[in-house]
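The next block holds one structure in the form of structure tokens; read it before the comments.
Given the structure is predicted, the values throughout are model-derived calculations rather than measurements. When a ligand or atom number is given, it counts from 1 through the structure's own listing order.
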Amino acid sequence: MSFSFRPGLEQVAAYTPGKPAPVGADGLSAKLSSNENPNDPLPSVIDAIVKTFPTSVNRYPNMATPELSEALAARLGVDAQSLVFGSGSVEVASQLIHALAGPGDEVMYAWRSFEAYPILVRAAGAVPLEVPLDAELRHDLDAMADAITERTKLVFVCTPNNPTGATVTTNELDRFMQRVPKHVLVVIDEAYVHFDVDPKSPTGLDFFARYENVAVLHTFSKAYGLAGLRVGYAIARPDVAEALRKVALPFGVTDLAQSAAVASLAAEAELQVRIDTIVEERDRVYAALKSAGLPVFPSQANFVWLEAGESTEAVNEVFRARGVSVRAFAGSGLRISIGSAIENDAVIEVAGLAAAAHMNIQTNRGPQ
Ligand SMILES: *Cc1c(COP(=O)(O)O)cnc(C)c1O
């Protein structure tokens with residue numbers, strides 16, 4: 001026998017996780033394919049996890065996330081009722097879609113952007129509306145505002161954008177918000193906001209305070225280095241927050257994740273030092289790849305994007321041979337996460353080879 005699966009599911013591509021790292025000739029093996037934090041957890045965070053562990057495995061977690069809610073509400077200056085947690089902010093993005101968009105409703109986002117968006121939208125039976133990035137690989141917010149219809153329920157604005165690293169500016173986002181109808185919820189996905197040092201960049205929290213139809217997504221996976229524990233959250237007005245809790249995966253955030261997140265908030269000064277290092281390393285990698293002649297784009301995230309097009313596979317091969325796994329999108333480009341200094345050195349070391357592979361294929365294609 002065979003089952004008849006939900007219509008539309010045939011269009012859903014399974015999420016492709018970052019590839020594990022190959023091993024290079026000198027034994028180096030660097031996984032720079034998932035935008036993970038290269039640092040081990042802070043000792044205080046490990047302590048919190050270890051302390052929670054013996055009493056948290058046979059029991060279900062506390063769904064009310066009391067300590068984490070309280071600590072974050074104080075940190076962000078928002079009401080605890082406005083915070084909704086999930087098993088990573090990917091799950092919270094899914095809550096937003098399920099709470100607002102039914103079959104036939106549209107969910108808009110720029111493309112290329114976070115690969116999970118089309119999967120989550122289609123899995124909810126909603127219709128993805130993908131608006132191409134502009135030539136600088138930035139959100140084309142005017143085109144996005146133009147493309148909103150009566151069926152549009154949600155717009156994701158990912159800034160800095162995964163995988164291109166580009167940001168929107170405060171002014172651009174303000175102008176966009178003036179044009180978005182009030183019935184459309186704009187979700188500012190700030191997964192990489194901690195790495196964004198551009199003073200022109202928006203602060204999601206300010207937009208949440210100023211516009212009724214804004215929600216913000218944050219995660220503990222990237223800057224805070226807790227990707228393996230799965231915890232993220234939305235900042236949303238109370239009626240939206242209540243709807244999100246209805247569709248949330250029950251017990252989606254373990255007590256281990258909650259205690260690690262609370263400990264991370266208490267250690268923000270220490271974490272900031274690590275974030276600053278990643279930002280410096282990003283700028284170092286960007287400058288080196290650029291001077292090697294690779295088509296690298298300015299980034300405010302913990303990765304850089306190479307718009308390699310046809311040469312993507314050839315460039316990917318150069319990195320793999322060096323023991324570095326990056327995220328390659330066939331025919332489009334490669335996203336290289338910022339790792340430890342040694343891992344970044346390996347990326348820089350083969351930049352010249354990668355540029356040669358890129359040029360070779362560009363040249364062989366000949367004039368268009
Ligand atoms: C990594 C990422 C997330 C969050 O991931 P979680 O681990 O589920 O919190 C959300 N949005 C974007 C754009 C990301 O790149």
Quiz: residues 326-337 side-chain donor-acceptor pairs under 3.5 angstrom, not counting sequence neighbours:
unit_1, atom_1, unit_2, atom_2, d
R327, NH2, T16, O, 3.3
R327, NH2, E115, OE1, 3.1
R327, NH2, E115, OE2, 2.4
S332, OG, R112, NE, 3.4
R335, NE, N35, OD1, 3.3
R335, NH1, N162, OD1, 2.8
R335, NH2, S33, O, 2.8
S337, OG, L32, O, 3.1
S337, OG, N35, N, 2.8
S337, OG, N35, OD1, 2.7

Contacts of P118 that satisfy side-chain contact (heavy atoms from CB on, under 4.5 Å) - sequence neighbours left out: Y109, W111, R122, E130
Could you give the N/O to N/O pairs under 3.5 Å linking ligand 1 and the protein, each with its distance?
unit_1, atom_1, unit_2, atom_2, d
ligand 1, 7 (O), S221, OG, 2.6
ligand 1, 7 (O), R230, NH1, 2.7
ligand 1, 7 (O), R230, NH2, 3.3
ligand 1, 8 (O), S89, N, 3.1
ligand 1, 8 (O), V90, N, 3.0
ligand 1, 8 (O), R230, NH2, 2.7
ligand 1, 9 (O), S89, N, 2.6
ligand 1, 9 (O), S89, OG, 3.1
ligand 1, 9 (O), T219, OG1, 2.5
ligand 1, 9 (O), S221, OG, 3.3
ligand 1, 11 (N), D189, OD1, 3.3
ligand 1, 11 (N), D189, OD2, 2.8
ligand 1, 15 (O), N162, ND2, 2.8
ligand 1, 15 (O), Y192, OH, 2.5
ligand 1, 15 (O), K222, NZ, 3.2

Residues 48-60 vs side chain to side chain donor-acceptor pair (under 3.5 Å), sequence neighbours excluded, gives T52-S259
At what distance, to the nearest 0.5 angstrom, does CG of N344 lie from CZ of R282? 12.0 Å
Just do the salt bridge (charged side-chain N to carboxylate O under 4.0 Å, His left out) check on D345 and R284 with the steps written out, would you? CA-CA 10 Å; D345 284 346; R284 180 171 78 95; 2.9 Å; yes
Are any of the side-chain heavy atoms of I338 and E280 separated by less than 4.5 Å? no
